[in-house]
Structure formats: C-alpha cells, structure tokens
Amino acid sequence: MAQNQTVTKAQTGTAQGAVLRPGRAADPVPEKVALAASQNNPKNVAAAARNLSHGTVGDGSNENLRESREQPDEEQGSSTEAPEATEPVLAESRQRKLRLMLRQCDRVLLMDFELLAMSDWPDNFRVATARRNRDLWVFSALVAAVVFLSGLTGFVPAWVAGGGFGAFVIIVLLGIPVVRRVYTPAPSYLDLLLKRQRLMRDARKHAEHLEGNEGLIWQCARMADYNPALKNTRFSNLLRLSEQKALPRALSRREHVRLYLIYLLEAEKAYSRVQAAFLEGNQKAIDEGWQAAVAQPEDRT
C-alpha cells in the first residue's frame, strides 16, 4: 500500500511539474465542427470533420475552377469588344488615306492621250527619205551653179553656161515651199523637223501642266498597292525627276514622253481602283453608322 501511494504521488508530481513548450499556432476550428461540438453529438462531430476534410477542398477547387473559367470568358469578351471599338477608327483612317491619294493624283484625269502619244510624229523612214531628197536638191543646184560659173571662165561654151544658169534657177525655185507644194505633197526635211519640234514642245508643255508645282507622278506612286506596275524600275528616273520638279525639262526625246504616258495610263488604272475602294468603304461606313468615316462634301467657295 505504501509503495502504491508513493508511485501515485510521483506520477502526480510529474504531471504537475510538466512544462508546456511553445509550438505552432493551433489550427482554426471550422464552423461545422464547432457547431457539432456545441451540440455534444460525437457522430455529428465525426461526420462534420469527415465532410470538412473532403468537402472544403472540393469547394475550393470548384471555386478556383469557376474563377478560371470566368477569366477566359471575360478576356474573350474584352477581346471581342476591342475590335468592335477600333473598327470605326481603322475605317476612318483608311478612308482618310484613300481620300488623300485621290486628291493628290486627281490631275491624272486631265491627261490628253493624243497630245502625249504624238501619233502624227514623223517616223524615221519619212525623215530619211526627205533628207535624201534634200541632199539631191542641193547637189543638183551645186552642179548647175558650177556649170554656169565654168561658162563665165571660158571652160565650157556659152550656151552650156546659159543652160546651167537656167537649170540653177529652176532648181532653186523648186526648193521654195510654195512652188514645191504645186508638184508634190510630200513635206520637206525641214518641215518634218519643225513638226517634230512642235509636237515635242506641246507634249512638254502639257507635261508641265500636269506636273504642276508639286509634281504629279511621284505622288501617284503611293497608289502602287492598287497597281503593281507602278513599282517597275524603269520609272525610277521619272519619279526622281518629278520629285525634284524637273521632269518637264528632261523630256527631250519621244521615248521619254512615251514612257511618261505609260506611267500616266497605269496611274489612271490605279486611280480608278482607289476610287472604287473609297466608294465601297464610304458605303460600308454609311451602312454601319460610322459617321466619322463617312465622306463629307467640301464647301463650295
């Protein structure tokens, strides 16, 4: 009995002398477990703890999954709203760009094809034929003059010298334009040269009118997206001269004028396509109700 009492005292002394050491904070008691404990029902406590161990994680995962599903929907909604908001702005910018190209290249519609094509240009065969006739006329006049002068010096008889003088006078008269048109409608070499100069002068003057003070074709180069032919490298010199406002003075040969005419024809095609695109975009802006992109008529002064 004494030994048992001693052991009991030692155990009680040890229990009373035990010291609690600091550890981690206690986990918060869930509301379901606390409610079951307050009702003092062990079965309810066990069921609540079991549901808590499985259910809270499931609820959290479901909430996270729901949030992760909602975020892409919100992002997709914002991404669909952004194009709808920016589409009128893009349409307005595109219409403004097309309107600027049309305004800068509208002088291409003033092109005179017949004047720049120079269809009446004397070809090289006609010029060569007229040059040969001119040389023959000059040679005949020189021979008649030599015969006449030889008769004055006594190398040939007087009647031969007289005949040479008469031939010289007739040949000279045949060279006069008024007399020459009586017996032949063919133009002379001088007439063909003057006609070439006149056609070139008219074409150069018309090109100067088209180019104006700003230069025409280098501004039409912005429409190259609607006609890739404008990007051809053979037009590079024309574009450079047009930008420097020295193109009309550089058109000194027919080949230059024809190249300039070809570029204007290609620019006219591009202008018609740009105009069609502008009208289509304007009609779309009217149908969609984008008043900012609709072209407004200019005030007449």
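Reckoned from all heavy atoms, side chains included, excluding hydrogens, waters and symmetry mates. We're numbering straight along the sequence, starting at 1. All of these numbers come straight from a predicted model, not from anything done at the bench.
The same ILVMFWY cluster, assembled from side-chain heavy atoms under 4.5 Å apart, contains both Phe165 and Leu173. If you chain together hydrophobic residues whose side chains sit under 4.5 Å apart, Leu109 and Leu216 fall into the same group. One hydrophobic cluster holds both Leu210 and Phe113 under the rule that ILVMFWY side chains link at heavy-atom gaps under 4.5 Å. Residues Leu259 and Leu261 fall within the same hydrophobic cluster, defined by Ile, Leu, Val, Met, Phe, Trp and Tyr side chains chained together at heavy-atom separations under 4.5 Å. Put simply, Leu193 and Val257 are part of two different groups of oily side chains (I, L, V, M, F, W, Y) that touch within less than 4.5 Å, one to the next.
Checked by atom type and distance alone, the side chain of Asn133 pairs as donor or acceptor with a backbone atom of Thr129 at under 3.5 Å. Formation of a donor-acceptor pair under 3.5 Å by the Arg273 side chain with backbone atoms of Tyr226 is found in this model. The backbone N or O of Ile262 sits nowhere less than 3.5 Å from a side-chain atom of Glu266 that would complete a donor-acceptor pair. Using modelled atom types, no side-chain atom of Thr184 and backbone atom of Arg180 make a donor-acceptor pair closer than 3.5 Å. Not a single donor-acceptor pair under 3.5 Å links the side chain of His206 to the backbone N or O of Met111. With hydrogens and angles ignored, the 3.5 Å screen pairs a side-chain donor or acceptor of Trp137 with a backbone N or O of Ile171.
The distance from atom OG of Ser242 to atom CD of Glu214, rounded to the nearest 0.5 Å, is 10.0 Å. Note that CD of Gln275 is 11.5 Å distant from SG of Cys105, once rounded to the nearest 0.5 Å. The SG atom of Cys220 sits 7.5 Å away from the CG atom of Leu264 when rounded to the nearest 0.5 Å. To the nearest 0.5 Å, atoms CZ (Arg131) and CG (Leu190) are separated by 12.5 Å. Separation of atoms CG (Leu241) and NE2 (His256) is listed at 9.5 Å; rounding is to 0.5 Å. Residue Gln219 holds its CD atom at 11.5 Å from CG of Leu239, rounded to the nearest 0.5 Å.
Taking 4.5 Å as the limit, every side-chain heavy atom of Met101 sits out of range of all side-chain heavy atoms of Tyr271. Between Phe148 and Val160 there is no side-chain heavy-atom pair separated by less than 4.5 Å. A heavy-atom distance below 4.5 Å is not found between the side chains of Lys195 and Pro187. Contact annotation: the side chain of His209 never approaches that of Lys205 to less than 4.5 Å [non-hydrogen atoms, C-beta and beyond].
The neighbour count for Gln244 CD, taken as heavy atoms of other residues, nucleotides or ligands under 6.0 Å away, is above 12. In this structure, Phe125 places its CZ atom where only 12 or fewer heavy-atom neighbours from other residues, nucleotides or ligands lie under 6.0 Å away.
Contact between Ala117 and Arg258 at its shortest, heavy atoms only, is O-NH1, 3.9 Å. The two residues Ala277 and Arg94 make their nearest non-hydrogen contact at CB-NH2, 3.9 Å.
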Q: For the pair Asp123 and Arg196, evaluate salt bridge (charged side-chain N to carboxylate O under 4.0 Å, His left out) and give the outcome as yes or no after the intermediate values.
A: CA-CA 10 Å; Asp123 55 3; Arg196 280 187 171 186; over 6 Å; no
**Q.** Verdict with supporting geometry, Tyr260 and Glu211, side-chain hydrogen bond (donor to acceptor under 3.5 Å, both in side chains)
**A.** CA-CA 11 Å; Tyr260 181 71; Glu211 289 295 314; 2.8 Å; yes
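Using a 4.0 Å cut-off between a side-chain N of Lys or Arg and a carboxylate O of Asp or Glu, Asp191 and Arg198 do not qualify as a salt bridge.
Ring-plane geometry between Tyr263 and Phe235 is classed as perpendicular, the angle between the planes exceeding 60 degrees on a 0 to 90 degree scale with a lower cut at 30.
Contacts of Arg204 classified as side-chain hydrogen bond (donor to acceptor under 3.5 Å, both in side chains), with partners at least two apart in sequence or in another chain: none.
Both cation-pi conditions hold for Arg134 and Tyr189: the charged atom is under 6.0 angstrom from the six-membered ring centre and inside a 45 degree cone around its axis.
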